[in-house]
Peer 1: 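Here it is, the structure in full.
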There are 2 protein chains.
Amino acid sequence: MPSGPRAWQVVLDAVERDLLEGRLSPGDHLPPERTLAADLGVGRSSVREALRVLEVLGLIRTAVGSGPSAGAIIVARPGGGMSALMRLQVAAQGFEVADVVKTRLVLEGSIVTDLAEACRTHAVDLAESAQILAAMESPTLTEAEFLALDTQFHLSLAQASGNQVITATMAGLRSAIEGYARAGLATLASWPATSARLRLEHRGILAAIMAGEADAARLAVQAHISGYYAETQLASSSSTPTTR
Amino acid sequence: MPSGPRAWQVVLDAVERDLLEGRLSPGDHLPPERTLAADLGVGRSSVREALRVLEVLGLIRTAVGSGPSAGAIIVARPGGGMSALMRLQVAAQGFEVADVVKTRLVLEGSIVTDLAEACRTHAVDLAESAQILAAMESPTLTEAEFLALDTQFHLSLAQASGNQVITATMAGLRSAIEGYARAGLATLASWPATSARLRLEHRGILAAIMAGEADAARLAVQAHISGYYAETQLASSSSTPTTR
DNA sequence: CAGTCTTATGTGGTCTGACCACAGGTTACA
DNA sequence: TGTAACCTGTGGTCAGACCACATAAGACTG
């Protein structure tokens, strides 16, 4: 009965099982596609469909050729797949920008709160964030470069929090927003003036974190995010709890 | 120069563009694979690799046969892809359970806070949540059935909040946790006693929401989640902000 | 004529075989 | 000994074939 699990699903399950049961770990090579196909009793095309999924999900990296560098390698790269997923969900109108922003508010508020509280008890490595902030002071930045650094700053905070899940989700949210931007649905109103304010707010956020002022940091970052989106022309079709 | 974008990426980009520019909307049919291949100048196998990605990401649904019901259909089903993604990230050890739980705490805390505040101003449809709670009172439930209802309850709250992004993320987090469970990494310590407490806490959470007591609801749900995971034997390799 | 049965058509699902380009190792030659 | 040519294994891609399935169109039967 061929109506069972589809062939590519068999491959995906096999890889997942190998991962869970320790036969595969980050850094390991998957067998060659042809070997995988023979071992699992499926065609090479089915194997390739499964590998493509794993690749988009950010679990493997592939390289052609021969030797140690070639083949599919397990890479646990949180965030890779999340970005593609959220961007496409936005494109398919499954996600609304207001929901994305709200999620960002919640997660980033948690991040800076945790970071600030951690700062009260021990040193926290915020060098990367500070470095990005310094780079943002350059007067020769284009709007696109500035926004890229802005993204990096916020992601560096997530990274510093050490929570891979939140970091990956944040990366996905940024990617979703950039999807809107690419579609021309989001543009900043008055750029030069805004950039100065954003810089100021960034410094304030980082200062509050390092001072261990958790509430101040949270409020600052949430105001920062809200303010940013308020200035963009994102259609704010906010979703609210369903009423009856 | 054949080292350009890979063929399947071309297909993925084309679909994403069609989505963004309104040529494709939820409910629409994609052209048949063979047509898509001919139109984009790639082989059918490449088209299939792209479609497989879209399917796993939850953007399309496919059906064999002919007629109106067959073919690939755009479906904006938030949550579908997130589940696969997070489950696999867990398998590949990119995500740690402590991070998953932390994210759940943050997001679910936000959900119930919003719901409670919404209840203060207008009626909110929490019928589904209440219904699930009622079903959980059945004395004939197995542990697996109970846990499935538990998942449904928490997801129904997310749904009621109306935020698709958070709902999808929550679904992914549950899926990740279930991945741990399948791997035998998480088992409840003392089942029968726990179930009674969980039921009680569920009722408390819903009551707090409906009473509009935002803080109480938030604290209750966070205690509920923390308590649950404290009783499981999940290896709690908590991640903390990086120190230097 | 109405209803059912058979057949045709279109679709996804899968496999096989064939190339190509590329990276690395191996061998032959200067 | 050092370099160049070749060989091998790998992913990337395509074309073609076949199957199973769902629907639609036509043929048959009462």
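Reminder, nothing fancy here: chain letters follow the sequence lines and each chain counts from 1.
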Peer 1: Please list, pair by pair, any protein nitrogen or oxygen found under 3.5 Å from a nitrogen or oxygen in nucleotides 22-25 of chain D.
Peer 2:
unit_1, atom_1, unit_2, atom_2, d
D:dT23, OP1, B:Ser69, OG, 3.3

Peer 1: Do the side chains of A:Leu126 and A:Leu157 get nearer than 4.5 Å, heavy atoms only?
Peer 2: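 SC-SC contact between A:Leu157 and A:Leu126 confirmed.
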Peer 1: Any salt bridge linking B:Arg87 with B:Glu178? Criterion: basic side-chain nitrogen under 4.0 Å from a carboxylate oxygen.
Peer 2: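 Salt bridge between B:Arg87 and B:Glu178, a charged N being under 4.0 Å from a carboxylate O: no.
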Peer 1: Whole angstroms only, please: what is the CD1-C1' distance between B:Ile60 and C:dG13?
Peer 2: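 Distance check: B:Ile60 CD1 to C:dG13 C1' gives 13 Å.
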Peer 1: C:dT11 C1' sits how many Å from B:Leu36 CG, rounded?
Peer 2: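 Computing the B:Leu36:CG to C:dT11:C1' distance gives 13 Å.
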Peer 1: From C-beta outward on A:Ser46, which listed nucleotide comes closest to its side chain: D:dT13, C:dT11, C:dT14?
Peer 2: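 When the side chain of A:Ser46 is considered, C:dT14 is the closest of D:dT13, C:dT11, C:dT14.
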Peer 1: May I have the distance from A:His29 (atom NE2) to D:dG11 (atom C1'), rounded to whole angstrom?
Peer 2: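 The distance from NE2 of A:His29 to C1' of D:dG11 comes to 13 Å, rounded to the nearest Å.
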Peer 1: So B:Ala37, base contact, sugar-phosphate only, or nothing? Heavy-atom distance under 4.0 Å.
Peer 2: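 Contact class for B:Ala37: none.
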Peer 1: Looking at B:Asp114 and A:Lys102, is there a salt bridge between them, counting it only when a charged N and a carboxylate O are closer than 4.0 Å?
Peer 2: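 Salt bridge flag = yes for B:Asp114 with A:Lys102.
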Peer 1: Using whole Å, report how far CD of B:Glu33 lies from C1' of C:dG12.
Peer 2: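 Checked: the CD to C1' distance equals 5 Å.
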Peer 1: With rounding to the nearest 0.5 Å, note down the distance linking CD in B:Glu49 to CG in B:Leu54.
Peer 2: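 Here the interatomic distance stands at 12.5 Å.
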Peer 1: Got more than 12 heavy atoms from elsewhere within 6.0 Å of CD, A:Glu21?
Peer 2: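 Counting other residues, nucleotides and ligands, CD of A:Glu21 exceeds 12 neighbours.
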Peer 1: Taking atom C1' of C:dG13 as reference, at what distance in whole Å does atom CG of A:Leu12 sit?
Peer 2: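 Computing the A:Leu12:CG to C:dG13:C1' distance gives 16 Å.
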Peer 1: Let me know, please, whether A:Gly41 or B:Gly71 comes out on the 5' side of the other along DNA chain C by nearest nucleotide.
Peer 2: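 The residue whose closest nucleotide sits nearer the 5' end is B:Gly71.
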Peer 1: If you restrict it to nitrogen or oxygen atoms, what contacts under 3.5 Å exist between nucleotides 16-20 of chain C and the protein, and what is each distance?
Peer 2:
unit_1, atom_1, unit_2, atom_2, d
C:dA18, N6, A:Arg44, NH1, 3.4

Peer 1: Measure the shortest side-chain to side-chain distance between B:Phe146 and B:Thr151 over non-hydrogen atoms and say whether it is less than 4.5 angstrom.
Peer 2: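 They are not in contact (no side-chain heavy atoms under 4.5 Å apart), so the answer is no.
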Peer 1: Quick one, which residues of residues 47-54 of chain B touch DNA chain C with a heavy atom under 4.0 Å?
Peer 2: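 Going residue by residue through residues 47-54 of chain B, the ones with a heavy atom under 4.0 Å of DNA chain C turn out to be B:Arg48, B:Arg52.
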Peer 1: Salt bridge between B:Arg104 and B:Asp99, side-chain N to carboxylate O under 4.0 Å?
Peer 2: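 Judged by the 4.0 Å cut-off on N to carboxylate O distance, B:Arg104 and B:Asp99 do not form a salt bridge.
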Peer 1: Rounded off to whole Å, could you give me the CG-to-P distance for the A:Leu30 and D:dG11 pair?
Peer 2: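 Nearest whole value for this atom pair: 9 Å.
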Peer 1: Identify whether the distance between the nearest side-chain nitrogen and carboxylate oxygen of A:Asp150 and A:Arg174 falls below 4.0 Å.
Peer 2: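 Salt bridge between A:Asp150 and A:Arg174, a charged N being under 4.0 Å from a carboxylate O: yes.
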Peer 1: Using the side-chain heavy atoms of A:Ala7, tell me which of these nucleotides is nearest: C:dT14, C:dG13, D:dT13.
Peer 2: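 Nearest to the side chain of A:Ala7 among the choices is C:dT14.
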Peer 1: How about B:Ile73 and B:Thr62: do any of their side-chain heavy atoms sit closer than 4.5 Å?
Peer 2: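 No, side chains not in contact.
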Peer 1: Specify the separation, in whole Å, of atom CG of A:Leu40 and atom C1' of C:dC15.
Peer 2: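 These atoms are roughly 15 Å apart.
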Peer 1: Can you classify the ring geometry of B:His154 versus B:His202 as parallel (below 30°), tilted (30 to 60°) or perpendicular (above 60°)?
Peer 2: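 Taking B:His202 first and then B:His154, their aromatic rings stand perpendicular (interplane angle over 60°).
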Peer 1: Could you state the interatomic distance from CG (B:Leu173) to CD1 (B:Ile166), rounded to the nearest 0.5 Å?
Peer 2: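 Those atoms lie 11.0 Å apart.
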